[in-house]
Amino acid sequence: MIYRETGQFRTSYAEDQAIFRLREDRIGIAAILAIAWVGVPLLADEYLLRAILIPFLILSLAAIGLNLLLGYCGQISLGTGAFMAVGAYSAYNLALRLPELPLLLDFFLAGLIAAGVGIVFGLPSFRIKGLYLAVATLALQFFADWAFLRVRWFTNYTPSGSVTAPVLDFFGWVVDTEREKYWLCLAFVCAIALLAKNLVRSRLGRSWMAIRDMDIAAEIIGIRPMHAKLSAFAVSSFVAGLAGVLWAFVHLGSWEPLAFSIDMSFRLLFMVIIGGMGSILGSFLGAAFITILPIFLNQAPAMIGIRLSTAMVSHLEFMIFGTLIVLFLIWEPHGLARLWQIGKEKMRLWPFPY
Amino acid sequence: MNALARPAPFDQPATPRTALAVHNIEVVYDHVVLVLKGVSLEVPEGAIVTLLGANGAGKTTTLKAISNLLHAERGEVTKGSITFYGEEVHRLSPSELVRRGCLQVMEGRRCFGHLTVEENLLTGAFTRKDGKAAIQRDLEMVYSYFPRLKERRKVLAGYISGGEQQMCAIGRALMARPRLVLLDEPSMGLAPQLVEEIFEIVDRLNREEKVTFLVAEQNTNVALRYARYGYILENGRVVLDGPAEALRDNEDVKEFYLGLSATGRKSFRDIKSYKRRKRWL
Amino acid sequence: MAELGPVLEVLLGGLMSGVLYSLVALGFVLIFKASGVFNFAQGAMVLFAALSLVRLSEWLPFPVAIALTIAIMIALAWAVERLVLRPLVGQHGLILFMATIGVTFFLDGFGQTIWGSNVYQLDLGISASPWFLLENLFPGGILVSPVDVFAAAVAGSLVLALSIFFHSTKIGRALRAVADDHQAAQSVGIPLNQIWLIVWSTAGVVALVAGMAWGSKLGVQFSLSFVALKALPVLILGGLTSIPGAILGGLIVGAGEKLAEFYIGPAIGGGIEYWFAYVLALAVLLVRPQGLFGEKIIERV
Amino acid sequence: MAVASAPVATSAERAARRERRIGEVLLAVENISLRFGGVRALSNVSFDIRRGEIRAIIGPNGAGKSSMLNVINGFYQPQEGRIVWKGRVFTRMRPHEAAKGGIARTFQNIALFKGMSTLDNIMTGRILKMRASFLEQAFRIGRGRSEELRERAFVERIIDFLEITHIRHVPVGKLPYGLQKRVELARALAMEPELLLLDEPMAGMNLEEKEDMCRFILDVNEEFGTTVALIEHDMSVVMDISDRVVVLDYGRLLADGTPEEVRNDPAVIEAYLGVAHG
Amino acid sequence: SAAETIYYPSLVYRSGPYAPNGIPFANGVADYVAMINARDGGVGGVKIEFEECETGYATDRGVECYERLKGKGAKGAIAFSPLSTGITFALTEKVAVDKIPLQTMGYGRSESADGRVFTWNFPLLGTYWSAADILIQHVNKIAGGLQGKKITLVYHDSPYGKEPIPVLQEHAQRYGYTFEAIPVTHPGVEQKAAWLKIRQTRPDFVFLWGWGVMNSTAIKEAVAVGYPRERMYGVWWAAAEPDVRPAGDDAKGYQGLALHPAGADYPVHKDILKYVYDAGKGAGKREEVGEVLYNRGMIDAMLKLEAVRNAQKIFNVKVPTGEQVREGYERLELTAQRIKELGFEGLITPIKVSCRDHEGSRKARIHQWDGKKWVFVSDWIEANNEYLRPKVEAAAMAYAKEKGITPRTCN
Ligand SMILES: Nc1ncnc2c1ncn2[C@@H]1O[C@H](COP(=O)(O)OP(=O)(O)OP(=O)(O)O)[C@@H](O)[C@H]1O
Ligand SMILES: Nc1ncnc2c1ncn2[C@@H]1O[C@H](COP(=O)(O)OP(=O)(O)OP(=O)(O)O)[C@@H](O)[C@H]1O
Ligand SMILES: [Mg+2]
Ligand SMILES: [Mg+2]
């Protein structure tokens with residue numbers, strides 16, 4: 001029994017409501033945070049930071065955004081890419097047109113604008129449900145792709161329609177090395193993850209989950225479906241918008257609308273489902289699975305000394321990745337987060353099987 | 001009728017064969033939750049056997065283990081064996097089992113909401129091969145048992161009332177002409193008259209057509225009246241079993257399941273605020 | 001009259017391409033109807049079927065290649081049922097959806113490994129040169145493409161055949177039962193495995209037909225799998241569970257988006273075809289949340 | 001496990017107390033008619049519920065009992081008739097209006113939030129009582145924190161009362177049927193309703209559990225003075241605990257009166273009870 | 001040992017929707033490098049270590065590949081060819097920090113021809129602006145003046161497709177034709193509306209700025225509306241075998257820009273066949289050697305290695321760093337003589353890169369598909385630099401301003 005609940009008593013409701021109730025969990029999370037904030041930046045090389053960790057963090061953030069909407073409120077969205085795009089282009093235009101505003105405020109306002117768009121495109125959710133709703137959000141996705149290509153004002157009339165992010169200057173702190181970018185993203189991710197966790201374990205989160213699990217019953221106990229759904233859309237697109245800003249400003253630097261295409265939306269959806277719907281931790285696990293695993297699979301043959309043609313490697317990557325998705329779902333349909341939980345449960349019982 | 005599915009009375013051996021034997025099974029949900037901790041029971045051919053027990057005792061789980069439906073709930077039989085007429089159940093798919101005549105009426109109705117009542121009933125006849133006429137005849141039979149269903153035949157099952165759904169689910173099972181029916185709380189949500197009627201139907205099918213029944217029931221009173229043998233489950237274990245009369249006369253059963261204490265039935269109004277539950281363990 | 005010519009032509013062209021969308025949507029409908037699974041892999045199946053056909057017909061007579069391809073699609077259906085669906089019986093729709101994404105990835109990699117990633121020409125022997133109808137009425141006539149007409153005919157008969165098959169046999173009823181509740185369907189003895197095998201095989205054959213129609217137009221190449229995205233609004237507009245809905249949705253989307261692109265597009269920068277179908281579908285859904293012909297969504301406590 | 005501290009009283013005492021408690025009309029449905037296409041689920045039904053009483057609604061399957069509850073709390077919109085709720089007249093109630101006004105209910109087909117734990121399910125019942133702003137919730141400061149603790153304490157009392165402490169953190173989807181019913185009752189109680197609508201709360205329970213459930217209902221009724229409207233098929237329960245009974249049959253009002261009156265009404269026996277029962 | 005090799009990373013896409021175009025290009029690169037290793041023992045006697053990385057044409061995978069490969073080898077990667085506009089955009093800033101040249105032969109941002117601002121970008125052989133100018137020159141010639149003519153551009157709705165629009169619009173005034181641009185949305189499988197419009201407006205010429213499946217679809221649709229293929233012109237990314245083959249015979253007569261000829265009968269091909277394919281080490285099939293995109297890959301590799309050779313000479317090192325290779329690029333001059341030595345005579349024309357001009361050469365020919373192969377229908381046409389240069393500079397300066405870059409001064 002490595003994982004020991006006995007002997008840890010919670011004597012107040014406040015203690016019982018803490019995010020990490022067990023000492024083991026608290027030690028674990030402290031260790032992870034220490035590694036993330038200090039260990040990784042010290043040890044990781046540029047490749048790891050720039051090509052893997054930064055995208056991973058930003059996509060985790062976006063996945064948290066989608067998870068709030070899909071995993072907690074049960075509204076299927078295929079428009080997360082569009083919300084990210086709205087965030088990115090808003091921040092770009094704010095920085096361009098109102099240079100006197102501090103960049104951090106631009107980021108925040110961009111998130112708010114994304115939230116506004118989220119509310120507008122969440123309106124149909126009042127009538128449309130389930131898979132059918134996915135189409136409403138797809139409409140947004142395609143419309144946004146089109147608008148950012150077509151409406152030249154958004155891209156400041158650059159001939160090709162691609163735009164470039166300004167220098168990342170936060171009150172004099174110029175973020176230009178990879179390590180700083182990593183810290184910046186990490187800060188955003190930690191903050192948002194904490195806020196999201198708080199939200200989902202308070203009233204708003206519970207009303208989202210109620211709507212998700214059974215909207216009719218929710219209405220009858222006094223939750224207003226419209227209010228709950230729209231607030232989920234708003235919060236989710238705020239987070240997605242913020243992730244979009246980071247993706248554009250920090251990861252890509254310069255980008256075209258294609259960076260936030262339907263592919264991005266689908267990938268985020270995969271992350272949430274694989275990681276675990278209705279779990280903040282799952283968003284991270286899912287993002288890791290979907291972003292890091294293919295890269296790993298791509299490099300794996302070379303690592304173990306097998307020389308295959310590039311095409312073969314990439315086909316194998318597809319096949320193995322697809323197979324792993326299916327295997328993981330069969331193993332635990334509720335996602336990696338759940339797998340983790342069951343693992344903990346087992347550790348609690350260990351060495352007994354049940 | 002269906003000669004294959006139902007052996008004619010004269011080839012019945014003197015001592016009835018065992019239709020169903022459950023031997024010391026363990027069931028685990030989600031790889032970690034142990035729910036049944038060694039349950040054994042036996043249902044002789046042509047009998048009505050009832051399975052009693054409090055909420056969460058594991059009645060539904062036992063029935064699902066028998067009809068091989070645990071899979072979809074991420075449950076698993078990890079130990080023991082279940083045989084249906086001598087054949088290991090776990091080798092058969094649920095539909096294969098139905099084809100051999102073992103059919104479950106699931107708890108909580110589970111009608112197909114987007115199908116009309118009549119379509120629901122007809123899905124019950126999916127495995128039958130004895131022609132349209134026979135199916136039509138049985139449809140009429142079900143309607144004669146449940147006239148209410150006939151009135152609502154064209155309505156989507158998702159819209160009918162709870163009790164009507166329960167009738168629909170039972171009727172659907174009868175349409176399959178099973179040899180062994182696993183009934184999970186048939187009386188739930190039915191008006192008292194209908195509860196009696198359902199058990200009358202069970203009894204009639206049992207007597208006239210030699211259908212075997214294993215009934216999980218909360219309504220102990222009725223169940224023990226119609227059943228021949230009973231098992232009482234508690235916390236995933238069989239704690240008591242015996243012929244129905246014996247159970248009915250058991251003091252504990254009397255008090256805790258039938259509500260008959262030495263002084264007769266108590267009014268629900270006069271129940272003390274708490275009393276110790278009967279635990280056999 | 002002369003002004004009417006172009007309108008008719010665009011309308012006709014739109015209807016024809018709509019039929020092509022329908023062919024893909026049909027595959028989705030079949031599987032959704034039968035199991036409640038939104039099959040993301042339909043696009044990959046279209047590609048895989050077309051690729052198999054093209055590569056096989058390089059060294060086999062065409063009819064033999066078709067037969068062999070159908071066999072391959074049935075084998076695929078069998079594998080999907082056995083390895084993916086069976087272990088996931090009774091799971092939430094989104095999870096099954098995700099599993100089909102796994103299938104998509106696998107098929108994409110597998111198809112390219114065995115059949116290659118090049119462009120292959122698929123020649124069905126139908127001339128691509130246009131017909132001009134009613135030349136006496138309209139200057140230049142009304143242009144119709146024979147390929148489109150052929151595809152429309154095939155799609156029409158396919159829909160008819162499938163509608164009849166699924167509506168007048170007990171299989172049809174069983175399909176809908178399975179889509180409603182896997183477990184309850186099992187409990188009344190509907191063999192999920194067989195049902196899914198039948199349906200996925202049918203969807204595989206439909207994918208082959210779609211692959212032939214689209215492949216003869218685009219060449220058989222990876223991009224074929226993108227046509228699935230064009231089928232989504234069609235599917236939703238018609239209703240996820242309706243076979244005739246797939247056809248009708250296709251016609252509406254095809255005609256609507258072509259007319260919009262043609263007449264509204266230039267005013268606001270063009271390329272609106274891209275999102276028009278979705279907005280159209282959205283508008284329809286606001287009025288009918290289950291699509292034009294979809295099954296009513298039951299709300300009851 | 002904490003034990004609910006309901007006073008033990010003799011039945012005579014109780015009866016006397018009840019008399020005193022039952023007060024004015026809390027809710028009246030007047031000439032309600034409800035149709036679905038050709039089906040008349042309710043035709044011209046009127047009855048009232050008085051403050052503090054336990055009102056049973058009985059009738060054969062498909063009689064329109066659940067539909068009646070749905071009309072009362074606004075899920076169904078009757079074609080005709082009106083509802084008088086605490087003196088205010090509604091031609092149609094809206095679900096959240098009903099909830100705000102103090103009507104809570106449980107469902108025949110359990111309508112719990114399957115993905116949430118028992119505790120969270122019951123906490124949803126407190127949503128209308130919570131006021132913390134968005135930011136307070138996100139940062140868990142101010143009311144976001146204090147409210148959470150206060151309501152948790154409240155909910156824990158209900159959990160204790162209904163004796164479900166051991167399943168606090170279990171996702172309700174995994175609970176056996178009977179316990180789910182109990183959680184549903186807990187969620188409704190958490191709303192601190194004035195009128196509690198219970199749709200077959202004792203279906204699928206064995207005797208012992210029914211006894212528990214009766215006790216809970218009686219205690220709620222007596223302790224908090226909550227008015228209860230209850231649909232139930234078990235006649236012994238209905239006869240024992242209800243003050244007045246409405247009998248519906250195929251959408252029509254068949255009888256309305258005390259348990260004794262109803263039990264001896266030939267029409268009721270004919271349509272519903274059949275052979276003398278209970 | 002690693003210290004003695006030149007590290008040549010190659011970003012490719014051999015799978016996915018664009019694989020039909022990506023494969024021949026990647027094969028050309030791989031075979032050429034293999035041939036140099038086999039024949040010459042590398043560049044300047046230093047072996048080349050060659051590695052491919054699959055991007056699948058996706059930007060983030062491209063960035064990942066770049067990050068993974070840029071530091072490999074003794075002195076890091078010599079240069080990158082991202083082979084996608086999206087990846088080019090994403091890498092433009094990063095290469096400046098990492099000091100690795102970015103070779104975008106025949107693609108990338110047009111303004112990056114200005115080496116004063118885009119120090120690390122080398123859009124060799126021609127940008128899309130050059131392409132648009134050359135096409136206009138050609139049709140102007142064959143139509144005997146464009147006054148009153150109609151030209152329609154059917155373009156891929158992305159930065160790539162949009163690049164030529166400003167040039168074509170400005171030329172419309174200069175040459176007096178009317179211009180219309182019709183976007184086709186990604187991936188380009190549905191173009192019916194576009195072509196019905198063309199059937200109605202009946203333009204004299206249709207330019208096609210497509211990519212991947214969009215090209216063959218366009219040709220098919222042109223057939224379907226009866227638009228003559230002879231009056232369609234594709235940019236050089238829309239005029240290779242994968243673009244015409246799916247359309248079969250219908251594609252006959254279709255024309256396009258050629259940065260270089262197709263065909264395998266140039267001296268360099270003989271060496272490739274001899275040293276690589278005869279040794280059984282060919283990346284692709286023997287009969288595919290000499291396809292348009294294959295040749296383009298070969299030229300891409302050759303230019304990169306010439307820059308390396310140049311750097312070796314300038315700095316007198318065996319293995320140059322990325323920064324040194326940049327110098328090699330900037331002072332790259334391929335005379336007719338040198339081209340002949342390399343075995344590329346007839347494939348390309350002389351190139352001279354300078355600090356100001358990173359394009360090096362802006363010439364192309366027109367070729368036409370005869371149903372089996374591409375045949376030339378024009379001689380080399382040079383883009384009008386007097387017209388283009390100011391445009392390039394203006395755009396580059398705007399970029400510099402936005403990014404806060406102070407342009408270098410060149411002398
Ligand atoms: N899918 C599941 N996952 C985990 N645990 C489960 C699952 N289904 C049931 N259980 C647990 O198994 C135990 C037995 O449940 P079961 O449904 O068999 O009881 P039951 O006797 O049928 O009760 P009831 O009379 O309420 O229907 C319960 O404690 C329940 O919590
Ligand atoms: N939404 C609906 N659409 C169509 N018919 C409905 C709907 N709701 C109820 N009905 C019909 O109205 C009638 C009354 O249903 P209701 O659920 O109120 O019955 P009930 O009295 O609760 O019966 P039970 O005891 O079986 O639960 C039934 O015949 C039912 O089919
Ligand atoms: Mg049960
Ligand atoms: Mg009811």
Side-chain angles (χ1 to χ4, degrees), chain B residues 29-30 33 52-61 73 107-109 146 148-149 151-152 154-155 159-167 184-185 187-197 217-221 255-260 265-275 277-278, chain D residues 3-8 10-11 14-15 36-37 39 41 58-67 108-110 163 174-182 199-200 203-215 217-219 233-237 239-241 271-275 277-278:
Chain B
Y29 280 113
D30 274 343
V33 190
L52 305 171
N55 287 137
K59 304 181 293 296
T60 301
T61 305
E73 313 221 358
E107 181 181 44
R109 306 167 186 121
F146 307 114
R148 184 77 187 150
L149 288 186
E151 283 169 40
R152 320 287 288 126
K154 293 273 175 276
V155 180
Y159 288 124
I160 59 180
S161 85
E164 289 163 348
Q165 286 183 345
Q166 184 73 9
M167 299 177 218
D184 201 348
E185 307 208 11
S187 73
M188 184 163 69
L190 290 181
Q193 237 179 344
L194 256 170
V195 175
E196 291 292 330
E197 265 170 43
E217 194 35 273
Q218 297 281 19
N219 194 334
T220 318
N221 209 327
E255 177 170 0
F256 292 97
Y257 284 89
L258 300 173
L260 301 166
R265 200 186 81 83
K266 257 198 211 144
S267 164
F268 281 102
R269 228 176 236 291
D270 300 330
I271 289 147
K272 285 197 217 72
S273 289
Y274 64 98
K275 68 176 177 186
R277 268 162 206 266
K278 175 69 193 168
Chain D
V3 173
S5 55
V8 183
T10 69
S11 53
R14 283 181 166 208
F36 298 103
V39 186
I58 60 171
N61 295 117
K65 305 179 294 296
S66 302
S67 302
Q108 181 171 14
N109 282 322
I110 295 172
E163 297 167 11
K174 302 219 154 142
L175 294 177
Y177 194 84
L179 280 178
Q180 293 195 15
K181 288 242 146 188
R182 215 183 278 191
D199 198 344
E200 304 197 17
M205 294 193 173
N206 68 11
L207 187 81
E208 196 183 351
E209 291 152 347
K210 278 184 184 168
E211 289 177 351
D212 285 345
M213 201 51 132
C214 283
R215 207 186 76 227
I217 294 171
L218 286 168
D219 282 351
H233 284 301
D234 186 333
M235 277 311 106
S236 46
V237 172
M239 296 302 151
D240 285 356
I241 72 170
Y272 183 54
L273 298 175
V275 284
H277 214 277

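Chain naming here is simple, since letters A, B, ... match the order of the sequence lines and numbering starts at 1 in each.
Within the 4.5 angstrom heavy-atom criterion, only side-chain atoms of D:Lys174, from C-beta onward, approach chain B. With a 4.5 angstrom heavy-atom cutoff, B:Asp30 touches chain D only via side-chain atoms. Contact annotation for B:Leu190: both backbone and side-chain heavy atoms come within less than 4.5 Å of a heavy atom of chain D.
Chain D forms the most heavy-atom pairs under 4.5 Å with one residue out of B:Arg148, B:Glu151, B:Glu217, and that residue is B:Arg148. Taking chain D as the reference chain and counting heavy-atom pairs below 4.5 Å, the highest number among B:Glu185, B:Gln165, B:Gln218 is found for B:Gln218. Of the listed residues D:Gln108, D:Gln180, D:Met205, the one with more heavy-atom pairs under 4.5 angstrom with chain B than any other is D:Met205. For chain D, the option among B:Gln166, B:Arg109, B:Glu107 with the highest count of heavy-atom pairs below 4.5 Å is B:Arg109.
Nearest heavy atoms, B:Met188 versus D:Tyr177: SD-CE2, 3.3 Å. Contact record, D:Pro60 with B:Ala191: CA-CB, 4.1 Å, taken as the closest heavy-atom pair.
Side chains of B:Asn55 and D:Arg182: a donor-acceptor N/O pair is absent below 3.5 angstrom, by distance only.
Looking only at side-chain heavy atoms (C-beta outward), B:Arg152 and D:Val39 come within less than 4.5 Å of each other.
D:Asn61 places a side-chain N or O within 3.5 Å of a backbone atom of B:Gly189 that can act as its donor or acceptor partner.
Residue B:Asn221 holds its CG atom at 8.5 Å from CG of D:Leu207, rounded to the nearest 0.5 Å.
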